[in-house]
Amino acid sequence: MLLKGKTAVITGASRGIGRGIAEVFAQNGANVAFTYSSSESKALELEKELSSYGVKVKSYKSDAASFEACELLASEVTSDFETVDVLINNAGITRDNLLMRMSEEDFDDVIRVNLKSVFNMTKAFQRGFLKQRSGSIINVSSIVGVKGNAGQANYAASKAGIIGFTKSIALELGSRNIRSNAIAPGFIETEMTAQLDDAVVQQWRDGIPLKRGGTVTDVANACLFFASDLSTYVTGQVLLVDGGMLT
Ligand code: NAP
């Protein structure tokens, strides 16, 4: 019960990694406010599942890429939950293509949903963190943001941007006891990676020292560390959860 009594806000938790984080957090006693973009039935199903752990849970349909929507979300969540202790910026999309074939729209969409969303949400929730003089912000980047990836220039740029943002916010807000860290997952088995063809998946697996793809729980456990009091002296860090892939 590492998060007993704390409240966490997680973007994009209707499925995949966000859902895994919501489950691990609720199991550890956290109240959970989470967002989704369109999967309402999945969100309601998750609300029910998490409530069975005896914590307060509420889902919000909210576009993380919209500045106004994030401002509105922050005021709704604050009035529903009173205080927020942890913000997890997880929502993300891919629109992969070689630069030669990548449209301006695919570049802009990925930057807006993956990177601008982190600015929107952090700005909206920092007010509460500043007032209570504590908070943990956890941004979901990717190893692709560290090393780049052919066919993912838009996605890699957004994930590298998240790392720069995370470190800058750690410097700005550290004196107020607000921590900012990033997780950089490697190959995690979710709907996002299920879109890849078998040969590409095998190639990824072959390059992983632990010889398996990661699970959403592997990523959630790393977030649990950053959200809990186990990491009170850790800020501005990027934790690779990649089975050793970048080693
Ligand atoms: P996923 O299965 O595709 O789930 C994405 C989640 O984000 C869904 O809940 C989706 O909601 C939500 N979402 C999408 N656009 C949104 C928006 N504009 N506003 C609010 N929510 C939005 O993806 P995933 O694999 O779990 O990835 C989660 C995060 O981890 C992403 O940032 C991704 O880049 C990162 N990551 C993933 C991997 C991997 O191997 N899977 C590796 C490294 C990093 P709906 O269900 O309503 O669409």
Side-chain angles (χ1 to χ4, degrees), residues 1-36 42 46-47 49-57 59 84-92 114 118 121 134-146 159 162-163 166-167 170 178-194 204-205 207-247:
M1 296 294 264
L2 286 170
L3 302 178
K4 196 165 172 48
K6 289 189 194 274
T7 295
V9 176
I10 308 167
T11 63
S14 46
R15 50 201 170 84
I17 290 173
R19 186 184 178 111
I21 297 169
E23 285 169 340
V24 166
F25 276 32
Q27 285 160 10
N28 276 275
N31 300 315
V32 177
F34 72 90
T35 72
Y36 60 96
K42 284 186 184 173
L46 181 63
E47 257 189 32
E49 182 201 322
L50 300 185
S51 300
S52 71
Y53 296 110
V55 296
K56 181 169 172 174
V57 184
S59 64
V84 172
D85 305 284
V86 181
L87 168 63
I88 309 224
N89 289 310
N90 164 76
N114 294 8
V118 178
M121 289 292 290
S134 70
S136 175
I137 301 160
I138 303 161
N139 298 320
V140 181
S141 175
S142 165
I143 54 158
V144 163
V146 178
K159 295 299 182 181
I162 286 176
I163 292 174
T166 302
K167 289 176 180 281
I178 300 165
R179 298 182 293 112
S180 167
N181 292 288
I183 303 278
F187 182 83
I188 310 299
E189 288 173 0
T190 66
E191 282 175 41
M192 189 179 268
T193 45
W204 275 98
R205 283 219 185 92
I208 301 172
L210 289 180
K211 295 297 168 209
R212 65 169 178 90
T215 65
V216 296
T217 310
D218 290 323
V219 180
N221 285 336
C223 292
L224 178 61
F225 169 70
F226 282 134
S228 77
D229 290 344
L230 293 177
S231 60
T232 47
Y233 201 52
V234 183
T235 193
Q237 299 306 303
V238 182
L239 178 58
L240 272 58
V241 183
D242 68 345
M245 206 193 298
L246 284 202
T247 306

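All values reported here derive from a predicted model rather than from experimental measurement.
With hydrogens and angles ignored, the 3.5 Å screen pairs a side-chain donor or acceptor of D85 with a backbone N or O of T7. Without hydrogens or angle criteria, Q27 side chain to F25 main chain gives no donor-acceptor distance under 3.5 Å. A donor-acceptor pair under 3.5 Å is absent between the side-chain atoms of T190 and the main chain of G16, judged by distance alone. Looking only at distances, a side-chain donor or acceptor of S231 sits under 3.5 Å from a matching main-chain atom of F225. Put simply, the side chain of K159 gets close to the backbone of V140: a donor and an acceptor are under 3.5 Å apart.
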Stepwise salt bridge (charged side-chain N to carboxylate O under 4.0 Å, His left out) check, E189 with R205: CA-CA 11 Å; E189 288 173 0; R205 283 219 185 92; 2.7 Å; yes

N181 and I137: CA distance, side-chain angles, deciding distance, side-chain contact (heavy atoms from CB on, under 4.5 Å) verdict: CA-CA 6 Å; N181 292 288; I137 301 160; over 6 Å; no

Step-by-step side-chain contact (heavy atoms from CB on, under 4.5 Å) determination, I208 to D242: CA-CA 8 Å; I208 301 172; D242 68 345; over 6 Å; no

side-chain contact (heavy atoms from CB on, under 4.5 Å) between V238 and S141, intermediate numbers included: CA-CA 8 Å; V238 182; S141 175; 5.5 Å; no

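Side-chain contact check for T166 and N139: at least one donor-acceptor pair (N or O, by modelled atom type) lies under 3.5 Å. No hydrogens or angles considered: a donor-acceptor pair under 3.5 Å links the side chains of T215 and D218. Using a 3.5 Å distance cut-off with no hydrogens or angles, the side chains of S14 and R19 do not pair a donor with an acceptor.
For the side-chain contact (heavy atoms from CB on, under 4.5 Å) with I138, the lone residue among L87, I88, L239 that qualifies is I88.
Among all heavy-atom pairs drawn from I17 and P185, the shortest one is CD1-CG, 4.5 Å. For T235 against A170, the heavy-atom pair with the smallest separation is OG1-CB, 3.5 Å. Here the closest non-hydrogen pair linking L50 and A26 is CD2-CB, 3.9 Å. Smallest separation of non-hydrogen atoms from I143 and A184: CG2-O, 3.7 Å. The nearest pair of heavy atoms linking V84 to V9 is CG1-CG2, 3.6 Å. Annotation for G20 and A220: closest pair O-CB, 3.6 Å, computed over non-hydrogen atoms.
With sequence neighbours excluded, no residue satisfies side-chain hydrogen bond (donor to acceptor under 3.5 Å, both in side chains) with K167. With sequence neighbours left out, S134 forms a side-chain contact (heavy atoms from CB on, under 4.5 Å) with Q132, N177. Under the side-chain hydrogen bond (donor to acceptor under 3.5 Å, both in side chains) criterion, K42 pairs with E191, not counting sequence neighbours.
Within a 6.0 Å sphere centred on NZ of K4, other residues, nucleotides and ligands contribute 12 heavy atoms or fewer.
To the nearest 0.5 Å, atom CG of residue L224 and atom CG of residue L230 are 7.0 Å apart. A distance of 10.0 Å separates CD1 in I10 from CD in E23, rounded to the nearest 0.5 Å. For the atom pair CZ (R179) and OG (S136), the distance works out to 4.0 Å, reported to the nearest 0.5 Å. Atoms OG and CG, from S51 and N31 in turn, are 10.0 Å apart once rounded to the nearest 0.5 Å. Rounding to the nearest 0.5 angstrom, the gap separating the OG1 atom in T11 from the CD1 atom in I21 is 8.5 Å. Rounded to the nearest 0.5 Å, atoms CZ (F34) and OG (S59) are 4.5 Å apart.
The closest side-chain heavy-atom distance from K6 to D229 is below 4.5 Å. With a 4.5 Å cut-off on side-chain heavy atoms, R212 and F187 do not count as touching.
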